[in-house]
2 protein chains.
Amino acid sequence: MGNLADFIEQYLRNILLTQRKVELQRRELAKMFRCAPSQINYVLETRFTFEKGYLVESKRGGGGFIRITLVPQDNGDFVQTVESLIPEKLDAEVVEDVLEKLAAWELLDSTDVVLCRELFNKYFSDLHGESAAILRAKLVKAIILVIGFKNKE
Amino acid sequence: MGNLADFIEQYLRNILLTQRKVELQRRELAKMFRCAPSQINYVLETRFTFEKGYLVESKRGGGGFIRITLVPQDNGDFVQTVESLIPEKLDAEVVEDVLEKLAAWELLDSTDVVLCRELFNKYFSDLHGESAAILRAKLVKAIILVIGFKNKE
DNA sequence: GCACCTCTGACCTTTTCTGACTTTATTGTA
DNA sequence: TACAATAAAGTCAGAAAAGGTCAGAGGTGC
């Protein structure tokens, strides 16, 4: 956690902790962090994506601005979300994709992802046969749910 | 016990004696031990594996890092206990007994037990066939590991 | 001598960051 | 009103700053 992008991200997320929108000027923010204005775009593109739950709007010209809006997370049922994000059947090669998707949705952090991956290698890498894909999906779901539950505790 | 890899391992384990995570830069560590950066990877690959109770994450690019996290496992007798309490094969009717035993040993709290039970009902009540019992055992172990990991976080 | 563990260096990939150039919007002015 | 000046933000190629990979050289013990 030592680079500029992370700090800027932190700054913005902090604001979004108390407000649903931030509106600011790219130029000002860049000045604040003593960086090139295009750095701000980099942060927005890599950290404040729709996948992660943000909407970014902007306007050029005089009175221009950048606005970030928090997308209301359908914060309903964690179980629902996991169910909808993970298909009924899961081939081994797809497990990694699913983990990344869950990370993008910030349902898992990076350490959780590594933990899941390792658990799979250790215990469930040799699943085969008829219903392996179904079973794999269930296993992933179960483990994700445990992690998710614990993350909220 | 005299080669570089051992010294680097020692150094890192020492830190992990007092912290559950180390985060450092490969370049810096290599400089410290006057070796090639790739030597660090060798140490990580041979000494800090999941099997041995570690999770390793890393990030490239500016502000990159390597992070090692201790999985509660070989320290104390967590895995020993888990391994001895959970047999290789687990019949469905025995799952509940195992959960209770784990609770008695305070490896799970009462909430964890309910969580496990529900997950089993939801996803794995219909396991059958040859290897169901083995799978059931692995699953319980995996879940216990997650819970143990998360409880320490 | 063979098998296995260490270790390095050359080359690769990913992530961050900047600067030059482009596009768009507003404002002031003839 | 048309047009120039000004004030934003956007784009993108490429430099810089990490870490990753892998073949093969060098040890060590049997």
Side-chain angles (χ1 to χ4, degrees), chain A residues 1-13 15 21-52 54-69 96-97 99-101 103-104 106 109-111 113-114 117-118 121, chain B residues 1-13 15 21-52 54-69:
Chain A
M1 197 54 119
N3 51 21
L4 231 192
D6 287 338
F7 286 130
I8 299 175
E9 178 191 3
Q10 220 23 69
Y11 174 78
L12 292 172
R13 289 178 86 123
I15 297 177
K21 286 182 191 224
V22 215
E23 195 172 306
L24 42 80
Q25 292 203 284
R26 187 180 79 149
R27 219 171 33 98
E28 292 305 314
L29 192 57
K31 204 185 290 174
M32 204 170 142
F33 284 94
R34 275 164 240 249
C35 64
S38 53
Q39 172 73 355
I40 305 303
N41 297 78
Y42 176 71
V43 173
L44 294 175
E45 279 155 28
T46 55
R47 318 292 216 263
F48 292 88
T49 62
F50 182 68
E51 286 248 300
K52 296 187 177 170
Y54 304 92
L55 280 183
V56 176
E57 301 159 78
S58 64
K59 207 184 100 182
R60 308 187 186 193
F65 62 83
I66 285 176
R67 179 162 53 219
I68 310 175
T69 310
E96 186 64 27
D97 294 350
L99 292 180
E100 268 161 41
K101 206 184 284 179
E106 295 184 339
D109 68 24
S110 69
T111 308
V113 170
V114 179
R117 185 158 48 223
E118 296 294 348
N121 289 341
Chain B
M1 199 44 118
N3 53 28
L4 230 193
D6 288 336
F7 285 130
I8 298 175
E9 178 190 4
Q10 219 26 66
Y11 173 78
L12 292 172
R13 289 178 88 122
I15 298 176
K21 284 185 191 228
V22 215
E23 196 172 305
L24 42 80
Q25 292 203 282
R26 186 180 80 151
R27 222 170 32 97
E28 292 305 314
L29 193 57
K31 203 187 290 175
M32 207 169 138
F33 284 94
R34 276 163 240 253
C35 63
S38 52
Q39 172 72 357
I40 305 303
N41 297 79
Y42 176 70
V43 174
L44 293 175
E45 279 154 28
T46 55
R47 320 294 218 261
F48 292 88
T49 62
F50 183 65
E51 289 296 321
K52 297 188 177 170
Y54 304 92
L55 283 182
V56 176
E57 298 162 77
S58 64
K59 206 182 107 184
R60 307 187 186 191
F65 62 80
I66 286 177
R67 179 162 53 220
I68 309 175
T69 309

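The analysis underlying the following values was restricted to heavy atoms, covering all of them including side chains, and did not include hydrogens, waters or symmetry mates.
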(message) For the NZ atom on A/Lys101, are there more than 12 heavy atoms of other groups (residues, nucleotides or ligands in this structure) within a distance under 6.0 Å?
(response) no
(message) More than 12 heavy atoms of other residues, nucleotides or ligands under 6.0 Å from OH of B/Tyr11: yes or no?
(response) no
(message) Applying a 4.0 Å non-hydrogen cut-off, can you work out what A/Arg67 is touching in the nucleic acid: base, sugar-phosphate, or nothing?
(response) nothing
(request) Assign B/Gly62 to base, sugar-phosphate, or nothing according to its heavy-atom contacts below 4.0 angstrom with the strands shown. (result) base
[X] side chain N/O closer than 4.0 Å to the phosphate oxygens (OP1, OP2) of [N]?
{"X": "A/Lys59", "N": "D/dA7", "answer": "no"}
{"X": "B/Arg60", "N": "D/dG20", "answer": "no"}
{"X": "A/Arg26", "N": "D/dT11", "answer": "no"}
{"X": "A/Arg27", "N": "D/dT6", "answer": "no"}
{"X": "B/Gln25", "N": "D/dA18", "answer": "yes"}

Of all the nucleotides listed ([options]), which has the minimum atom distance to the side chain of [X]?
{"X": "A/Gln39", "options": "C/dT6, D/dG10, C/dT18", "answer": "C/dT18"}
{"X": "B/Ser38", "options": "D/dC22, D/dG20, D/dA9", "answer": "D/dC22"}
{"X": "B/Glu45", "options": "C/dC7, D/dT21, C/dC17", "answer": "D/dT21"}

(request) Starting from the 5' end of DNA chain C, give me the residue, B/Leu4 or A/Ala5, whose nearest nucleotide shows up first. (result) B/Leu4
(message) Taking the nucleotide of DNA chain C with the nearest heavy atom to each, does B/Pro37 or B/Thr46 sit closer to the 5' end?
(response) B/Thr46
(message) Less than 4.0 angstrom from a charged side-chain N to a carboxylate O is my criterion; do A/Lys52 and A/Glu106 meet it?
(response) no
(request) List the atom of B/Gly62, the atom of A/Asn3, and the distance in Å for their closest heavy-atom pair. (result) O-ND2, 3.2 Å
